Amino acid sequence: MTGKSSNQMWGGRFASGPDAIMEEINASIDFDRKLFAQDIRGSLAHADMLADNGIISAEDRDKIAQGLNTILSEIEAGTFEFSRRLEDIHMNIEARLSDLIGPAAGRLHTARSRNDQVALDFRLWVREELEKTENALSKLIGAFLDRAEEHADTVMPGFTHLQTAQPVTFGHHCMAYVEMFGRDRSRVRDALARLDECPLGAAALAGTGFAIDRHQTAKALGFSAPTRNSIDTVSDRDFALEFLGLAAICGTHLSRLAEEIVIWSTPQFGFVRLSDSFSTGSSIMPQKKNPDAAELVRAKTGRINGALIALLTVMKGLPLAYSKDMQEDKEQVFDAAETLELAIAAMTGMIGDLHILQDGMKAAAGSGYSTATDLADWLVREAGLPFREAHHVTGRAVAMAEDKGCDLSDLPLADLQAINGAITKDVFSVLSVEASVASRTSFGGTAPKNVREQIAWWRKQL
Ligand code: ARG
């Protein structure tokens, strides 16, 4: 066919076909072919419903179903010929159906429009993607739980401002990520719950005069109910925005984890060693092991954020109901979904494989006067000092240790007593990093016993 003959689906009032540039900007088949399985699934449910309600004959329904199943196999086998002239996946499939079964194909589009059709297909696709994301996050959480269990007692420095703050356990740090990815997973579930309404039957925007049964198609396609307003149905892309929103937040969490792995694996920190499977070498510096996978995850967050902003911008200010602008929704979501899936999988692998350098962590945990708060707390508890005064006394002890170039626990008792007479040798029992973490038993605190309780709680959630 030449580009100038009118469209076989909607060309009735057109004398000639589109300009080549028009076809180029209008066609979405190059990307929306990804929706073929969803499109066919929706059409099968629609044809069944039309036949069950006496809108088309059972004979036509059977022909349609047979034709659609043939098309499904053709596309899966790679023998289907997609045509840009037919714009999108919906019309490519319908045109082929017409080749295969003749005039009965023309009855499939009764009481339906591409507007509710694409809203359905895309929703089905996003629903599957959300389910995949939920599974992937469960695996990532599982990987963290295993590491947390292994390292419930392993001490490391906890940071604020990336300055050594107080000792924590590596298990507790892992569990912080479990909380973050756990919230991501609950956002996925929220999105799935809100997405759970079927758009099919809203037609172009106003519903239809045919006696369709939207509850039947909703049920057949695995939704709890049909959507309630036909105008909203064809103009709503919240489900895609929500997916991108949760993907962006999850990507942000992944990027923070990636950054920590990059920092921890430097010789300067020496907290972890990357496995060979998730690092690369340098072509010029033989000593190097680079955290490329972590760096790429850190960067890929940018793509996901970009997709969210792009779709928000497409939707912003659009009048109700459908506008062709909305065709620009898909590529962003496809790319973000692929990116997120890969990033989560890479992080799951990396976390499982990470060698934890306990000695390096422990040495760092004890440096930087990380148990100064424990000294101040001891003064409050054992010597009855107000916390502010205890803070001041401890500050003087830190200054003295700094002068002497030693740790707090290395200061002679006499020197500590010169700062405050109430100090006894018992104070040394709280100055070790192990004692410090073991003492932090408040709910949500870093004590190994608490970490084990949290791990058990999370295992039950999975
Ligand atoms: N390819 C279109 C899209 O993705 C399908 C809907 C077309 N609807 C229309 N009224 N032109 O949005």
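Computed from a prediction, not measured in an experiment: that's the story for all the values here. Both ligands and their constituent atoms are indexed starting at 1 by order of listing.
H215 NE2: 12 or fewer foreign heavy atoms inside a 6.0 Å radius.
Around ligand 1, the residues contributing at least one heavy atom under 4.0 Å from the ligand are S28, D32, D88, H90, R114, N115, V118, Y322, Q327, K330.
Atom-to-atom distance recorded for D359:CG and K362:NZ is 8.5 Å, nearest 0.5 angstrom.
For the 3.5 Å distance criterion, the side chains of T154 and H151 qualify, holding a donor opposite an acceptor.
Salt-bridge check for K300 with D335: failed, with every basic side-chain N at 4.0 Å or more from each acidic carboxylate O.
By the 6.0 Å and 45° rule, R147 does not stack over the aromatic ring of Y177.
Nearest heavy atom pair, residue S367 against residue T164, reads O-CG2, 3.5 Å.
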